[in-house]
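To start, the structure itself, in structure tokens.
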Amino acid sequence: MSDQFISIYQTSEEQLLEKAVQDGVETMWDRKAAMKAPCGFGEKGICCRICAMGPCRISPVAGKGAQRGICGATADVIVARNLARMVAAGTASHSDHARDIAHVMHMASRDGNFKIRDEKKLLDLASEWGVKTEDRDIYEVAHEVAEIALNEFGKPFGTLRFLERAPEKRKKVWDDLQIRPRAIDREIATILHSTHIGCTGDAESLLHMSMRTALADGWGGSMIGTVFSDILYGTPVPRETESNLGVLDEKQVNIILHGHEPSLSEMIVMASLDPEMQKLAKKVGAEGINLAGMCCTGNEVTMRHGVKIAGNFYQQEMAVLTGAVEAVIVDVQCIFPSLVPITECYHTKFITTSPKAKITGATHIEFHEDRALESAKAIVREAIENFKNRKKEKVFIPTEKSSGVVGYSVEAIIKQLDKVVNPHIDPMGTIKPLADVIKAGVLRGAVGIVGCNNPKSKHDYSHIEIMKKMIANDVIVVTTGCAAQAAVKAGLTNKDARKLAGQGLATVCELVDIPPVLHLGSCVDISRIMTIVGEVAKHMDLDNSDLPVAGIAPEWMSEKAVAIANYVVATGIDTFLGITPPVTGSEEVMDIMTNRVEAMTGAKFFIEEDPHVLADKVLSRIEEKRQKLGI
Ligand code: NFS
Ligand code: SF4
């Protein structure tokens, strides 16, 4: 099924690229070709432009040419500083997203647009955080909890609250290393300070600080993003969806929802269901309004509403190339500025909505949370009214699409696991069945396959090849972000895909009624993966680093991915990178990341660009961990 997918998909991709040539449209491939070979200094991380005495670049040949920047910074320091700044930017992005969600919860009200949809999750969190809940209105509780979360960003004392959710052994590692993050913004600011000219001049110290900042993402910003989105918009449950550009419909108004925060997209979903909007769509001659998601916004709305997925990161230009999209609506992150010139070649409106991400040439219609539905309707109306401008002769929609199941929150996974629990023997509602099958070796282990697309690797190929190899070897896959969308497109989140799994995994999938690759959501939802791993470790009285699990980012590209990789390693989980990060210019940084960090956190980085070799390395590392545990 997935081999077929790869070839089908390549055809539709090629067709669209041919169309781009015919229509005179430039794509990322043209720009990549124009860029020629990437800058060798940048690629190795040995270019510094932190101060105006530079830019300085260090000779990649040891002992020959410039070995230090003008200030005397070595290659090790320059590489580590650049990496630390990537971690800070990634952490800032996930966390600022989370902050907005917390603000939305702070303004939630019974008669407003934003409501509390998962009261249980809110009440559980309130009691976890010591907020009084008896005899109180749920919205009063929500506001207090939201305020506590908002204080997590800048509180002057203490460390982050969600760290307490980790297994005891992991907390001890963090204490020993002194990397429990304090306030989220503080960690980001500290890194920016420490990487200023003439501050930290020690690679190990910079990487140590990077881990603390990254933990403020994984166990701070990202976790707040996930938990608060669930409370406001509902904790996802398994549901059917479809993915790939074939979900666009020639007869309907097609709206692409692209970006990250669910607040806007939730309101767009509501607005598109509004009878007034539906009527307007009919009036302009369309059969209806067809929403299609892209990138993490796509994941958020597909998990909660079954909105179809148009595609992942690399397909944003392709979607417009179909000529069938009335509007691309975006908020923040992973949005190509090239959508301006591309949409200009068609009738497509490119609508930015966030003051944090304005793009020259786009139509900016600001989304105001305090009059959310009204703002969303104004945006949807623009799209509908644009239907009449569509040029029939320019429309080409590839037919490829695939179905799959999405929406595996931790709660949903535990509910599935309950199917194999004998309530006379074991308690319901725990992770125990998963721990049991891992212990017994029916599943050899579990991996999280996450991250972006990157033109350095064939689109989705690494994601899919690695996923197939994992499941064939009885390793269950959980996936988020653009990797998760690749999985849906390849049919791997379909329950049928268990025929591609090894016998152990196939049996588990059948008994528990799940696909072998579980879609857990957007990139902030990697916090769900941290939670599951932590729960299994607690159940087995182990540390995360003892478990036969790994994180894999086959086609990553963003700074957010660098932050994620660092918090995953700091959480005790090995991380395999399919794209080499810009660190190879420093032997010391390479040595810390791929070797010495293991003695500190129990996990390390593996860098391997060949997806098949990478998969083999993951499998052997999993077996190594099993051997150590004697299971
Ligand atoms: Ni993640 Fe989501 Fe995709 Fe990469 Fe971008 S959408 S937050 S960064 S490209 S997986
Ligand atoms: Fe050069 Fe040092 Fe300034 Fe960087 S901080 S640009 S290495 S002088």
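In listed order, ligands and their atoms are each counted from 1. Atoms considered below: every heavy atom in the structure, side chains included; atoms not considered: hydrogens, waters and symmetry mates.
Ranked by closest heavy atom to atom 3 (Fe) of ligand 1, the top entry among G90, A486, A561, C482 is C482. Closest to atom 5 (S) of ligand 2 by heavy atom, among R81, H196, R57, is R81.
Side-chain contact check for T302 and N299: no donor-acceptor pair (N or O, by modelled atom type) lies under 3.5 Å.
A donor-acceptor distance shorter than 3.5 angstrom exists from the side chain of D331 to the backbone of H260, with no hydrogens or angles considered. Although no hydrogens or angles enter the test, the distance criterion places a donor-acceptor pair under 3.5 Å between the side chain of Q315 and the main chain of N312.
Nearest non-hydrogen protein atom to atom 4 (Fe) of ligand 2 is C48 SG, 2.3 Å. Looking from atom 8 (S) of ligand 1 to the surrounding protein, the closest heavy atom is S558 OG, 3.3 Å. The single protein non-hydrogen atom nearest to atom 3 (Fe) of ligand 2 is C51 SG, 2.4 Å, given as residue, atom name and distance. Remark: minimum distance from atom 8 (S) of ligand 2 to any protein heavy atom is reached at C71 N, 3.3 Å. For atom 5 (Fe) of ligand 1, the closest non-hydrogen atom of the protein is C334 SG, 2.3 Å.
Near C452, the atoms of ligand 1 lying under 4.0 angstrom from a non-hydrogen atom of the residue are 4 (Fe), 8 (S), 9 (S), 10 (S). Each of the following atoms of ligand 2 lies closer than 4.0 Å to a heavy atom of G69: 7 (S). Listed by atom number, the atoms of ligand 1 under 4.0 Å from C523 heavy atoms are 1 (Ni), 2 (Fe), 7 (S), 10 (S). Interface atoms of ligand 2 facing M53, defined by a heavy-atom separation under 4.0 Å, are 8 (S). Those atoms of ligand 1 with a heavy atom of F313 less than 4.0 angstrom away are 9 (S). The ligand atoms of ligand 2 that sit less than 4.0 angstrom from a heavy atom of C56 are 1 (Fe), 6 (S), 7 (S), 8 (S). Each of the atoms 6 (S) of ligand 2 lies under 4.0 Å from some heavy atom of G54.
Within H260, the N, O or S atom lying nearest to atom 2 (Fe) of ligand 1 carries the name NE2.
Counting heavy atoms under 4.0 Å from ligand 1, residue M557 touches it through the side chain alone.
The number of heavy-atom neighbours closer than 6.0 Å to NE2 of H196, taken from other residues, nucleotides and ligands shown, is 12 or below. Atom CZ of R57 has 12 or fewer neighbouring heavy atoms from other residues, nucleotides or ligands inside a 6.0 Å radius. For CD of E240, the number of neighbouring non-hydrogen atoms (other residues, nucleotides, ligands) closer than 6.0 Å is greater than 12. More than 12 heavy atoms of other residues, nucleotides or ligands lie within 6.0 Å of CZ in R31, so this atom counts as buried by the packing criterion.
Between K617 and D610 no salt bridge is recorded (no basic side-chain N to carboxylate O distance below 4.0 Å). Checked for salt-bridge contact, D217 and K560 miss the test: no charged N lies under 4.0 Å from a carboxylate O.
Here the rule is side-chain hydrogen bond (donor to acceptor under 3.5 Å, both in side chains) with N453, and of Q316, E555, K458 only E555 fits it.
Judged by the shortest distance from any of its heavy atoms, G451 lies inside the 4.0 Å radius around the atoms of ligand 1.
A cation-pi contact, defined as under 6.0 Å to the ring centre and within 45° of the axis, links R99 to F153.
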